[in-house]
Protein chains: 2
Amino acid sequence: MNAVRCNDCPIRHRAVCARCDDDELTRLENMKSYKRYDAGETIMWRGEPLEHVASIVDGVASLSKTLEDGRTQMVGLLLPSDFIGRPGRKEVEFDVVATTEVTLCRFEIKPFEQLVMDTPHVAQRLMELALDELDAARDWMLLLGRKTAREKIATFIDMLAQRKIAGNPESDGTLEMPMTRDQIANYLGLTLETVSRQFNALKKEGVITLSGRKQIEVIDLLALRDATGDDSDGGVLS
Amino acid sequence: MNAVRCNDCPIRHRAVCARCDDDELTRLENMKSYKRYDAGETIMWRGEPLEHVASIVDGVASLSKTLEDGRTQMVGLLLPSDFIGRPGRKEVEFDVVATTEVTLCRFEIKPFEQLVMDTPHVAQRLMELALDELDAARDWMLLLGRKTAREKIATFIDMLAQRKIAGNPESDGTLEMPMTRDQIANYLGLTLETVSRQFNALKKEGVITLSGRKQIEVIDLLALRDATGDDSDGGVLS
DNA sequence: CAACAACTTTGATTCAGATCAAAAATATGA
DNA sequence: TCATATTTTTGATCTGAATCAAAGTTGTTG
């Protein structure tokens with residue numbers, strides 16, 4: 001009965017098809033194609049007409065905006081199973097860049113939009129995704145506008161840890177950072193030197209350890225949480 | 001034929017009903033009620049269960065997030081005809097505060113969600129609103145993360161000017177600021193002293209004039225635009 | 001219209017993070 | 001494995017905006 005459930009797709013269209021029936025899944029299968037991008041490659045340019053929507057199969061991509069003189073700010077981070085593209089929009093107003101090597105599962109926009117029109121629960125799913133992104137954007141505005149460098153770094157590490165735990169609750173405290181210091185700086189509204197200094201300050205305090213360029217281990221999660229500056233209520237405990 | 005087109009509603013449910021037929025409008029009329037809030041009053045607290053969605057009839061409201069120690073950051077600004085509340089969400093994760101005196105046209109959430117389920121074009125309209133908010137949030141992230149105090153203030157004034165022109169293309173350069181220096185500071189990720197200094201610097205340079213506490217006149221729109229730091233392409237001219 | 005409260009401006013000082021400048025560590029690849 | 005390129009760390013200095021502190025405005029209310 002579930003014979004065609006996205007059978008050859010590593011992420012099984014998780015972003016769109018949780019409640020799709022076989023017929024809908026077949027439609028998705030028929031409009032999809034995979035594409036690989038190298039690290040640093042631009043997937044979509046600001047203002048470019050949208051020809052596909054896509055879901056991330058593997059790797060990390062980011063959304064970035066740039067000022068006149070070249071200062072840039074990341075405004076979104078896309079991890080596997082996240083979705084790119086918005087129904088009804090003709091173009092994006094930021095650049096989408098492959099942060100690491102990225103594989104996309106792309107759907108042609110025309111038939112995809114037809115599918116959205118035909119199936120209210122897909123439309124509803126996309127609405128949920130948009131609202132999740134909006135909530136994330138608002139947390140990020142608080143971070144960018146009011147947090148100190150230390151709080152920004154602690155929040156960043158905590159977010160990676162939570163994302164990892166969500167994907168695999170049995171995981172240990174070891175994290176692979178998907179970005180260079182420079183990319184992290186663009187994400188947090190800092191410079192790369194400040195990012196480096198704050199990582200090493202947390203290391204010196206025994207909150208984390210660093211090994212190689214991208215391995216972090218969280219030693220003291222409570223201290224890390226405390227360093228984020230966030231309101232503690234709304235959390236799981238206390 | 002259009003007898004019930006939101007006849008006694010000052011904003012005619014602009015946020016939701018552009019394409020509603022008479023039957024749908026009657027349903028909206030039957031679930032609506034007006035409510036007034038004084039300036040400074042909290043309309044909804046973070047975490048509180050959502051009982052209404054609403055559209056702003058008059059006044060200005062803001063969405064705010066707060067850190068442990070009280071630092072706050074506005075994450076959204078709602079002007080007349082803007083919409084509060086999201087389909088499918090049980091609560092909001094920020095405070096909604098009346099910045100000025102505010103009148104809301106509220107709809108009970110249960111029948112409203114039923115209406116959304118029944119009418120795809122209303123669902124689609126809400127999706128557009130969410131995507132507009134997302135785009136605005138991302139512009140704001142660029143501002144908060146990378147712009148200087150001067151650029152932030154120029155961007156703020158320019159936004160008010162554009163909103164005013166959108167509402168009434170025949171308007172002159174005079175603007176009424178809907179917020180105090182302190183509220184503007186919370187919007188832009190600054191302190192109120194810095195806001196004051198930057199307003200007065202632009203005044204001294206002849207870019208704007210200030211009169212009373214809340215009247216601004218834009219004298220030199222080009223200089224103002226130039227001071228925003230934004231990429232000039234994508235604009236109307238050049 | 002006087003007195004008060006709320007808001008805004010201005011000035012002096014401090015400080016977090018940016019900037020500038022090497023040096024050190026880690027990767028990459030011949 | 002050695003040479004080279006990239007990324008990260010560390011140090012010194014500078015600066016924009018925060019902070020602290022009055023004084024000056026504007027608006028409100030009895």
Side-chain angles (χ1 to χ4, degrees), chain A residues 38-40 60 67 69-73 99-101 143-157 176-205 208-216 227 229, chain B residues 38-41 60 67 69-73 98-101 143-157 176-205 208-216 227 229:
Chain A
D38 288 327
V60 177
L67 293 173
D69 64 357
R71 280 170 288 169
T72 76
Q73 175 65 51
T99 299
T100 63
E101 188 177 298
L143 174 142
L144 291 171
R146 293 301 186 197
K147 287 191 178 181
T148 63
R150 179 187 170 85
E151 289 168 339
K152 287 177 176 183
I153 295 293
T155 306
F156 177 73
I157 299 171
E176 161 108 8
M177 281 191 289
M179 304 145 94
T180 65
R181 301 286 181 269
D182 187 50
Q183 290 167 330
I184 295 169
N186 280 337
Y187 198 33
L188 299 175
L190 296 170
T191 59
L192 66 100
E193 294 94 333
T194 298
V195 170
S196 174
R197 279 186 244 268
Q198 295 298 333
F199 271 124
N200 285 96
L202 288 174
K203 177 184 170 185
K204 196 169 297 171
E205 292 169 36
I208 59 172
T209 55
L210 299 169
S211 53
R213 278 175 177 171
K214 306 206 160 164
Q215 300 299 318
I216 290 197
Chain B
D38 288 326
E41 219 179 319
V60 177
L67 293 173
D69 64 356
R71 280 170 287 168
T72 76
Q73 175 64 52
T99 299
T100 63
E101 189 177 294
L143 175 142
L144 291 171
R146 293 301 186 197
K147 287 191 178 181
T148 63
R150 179 187 169 83
E151 289 168 338
K152 287 177 177 182
I153 295 292
T155 306
F156 177 73
I157 299 170
E176 160 109 7
M177 281 190 290
M179 303 146 93
T180 65
R181 300 288 180 269
D182 187 50
Q183 290 168 332
I184 295 169
N186 281 338
Y187 198 32
L188 299 176
L190 296 171
T191 60
L192 66 100
E193 293 94 331
T194 298
V195 170
S196 174
R197 279 185 244 268
Q198 295 298 334
F199 271 124
N200 286 94
L202 288 174
K203 178 185 169 185
K204 197 169 293 171
E205 293 169 35
I208 59 171
T209 55
L210 300 168
S211 52
R213 279 176 176 170
K214 307 204 160 166
Q215 299 301 317
I216 291 196

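Note that the structure is predicted; figures quoted are calculated from it, not measured. Chain letters run A, B, ... following the sequence lines, proteins first and then strands; every chain starts at 1. These numbers come from the heavy atoms of this one structure, side chains and all, not from hydrogens, waters or symmetry mates.
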Contact state string [nucleotides 22-30 of chain D, B base, S sugar-phosphate only, - no protein heavy atom under 4.0 Å]: ---BBS---
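Judged by distance alone with a 3.5 Å cut-off, a donor-acceptor contact links the side chain of Arg197(A) to the base of dG11(D).
Protein atom CG of Asp182(A) is 8 Å distant from nucleotide atom P of dT8(D), rounded to whole Å. Distance Arg150(B) CZ to dA17(D) P: 11 Å, rounded to the nearest Å. Rounded to a whole Å, the CZ atom of Arg181(A) is 13 Å from the C1' atom of dT6(D). Counting to the nearest Å, the P atom of dT7(D) and the CG atom of Asn200(A) are 18 Å from each other. Atom NZ of Lys147(A) is separated from atom P of dA18(D) by 18 Å (rounded to the nearest Å).
Of the residues in residues 184-194 of chain B, those placing a heavy atom less than 4.0 Å from an atom of DNA chain D are Gly189(B), Leu190(B), Thr191(B), Glu193(B), Thr194(B), in numerical order.
A salt bridge is defined here as a Lys NZ or Arg NE, NH1 or NH2 lying under 4.0 Å from an Asp or Glu carboxylate O, and Glu151(A) with Arg71(B) meets this definition.
Residues that satisfy the side chain to side chain contact (heavy atoms under 4.5 Å, CB included) test with Thr194(B), not counting sequence neighbours, are Ala149(B), Leu190(B), Thr191(B), Gln198(B). Taking the side chain to side chain donor-acceptor pair (under 3.5 Å) definition, one finds that Thr155(B) meets it with Lys147(B), sequence neighbours left out.
Taking 4.0 Å as the cutoff to heavy atoms of chain A, we find the contact window on DNA chain C bounded by dG17(C) to dA27(C).
For the helix from dC1(C)-dG30(D) to dA30(C)-dT1(D), the angle separating the two terminal helix axes comes to 40°, with each axis derived from five pairs and the value rounded to 10°.
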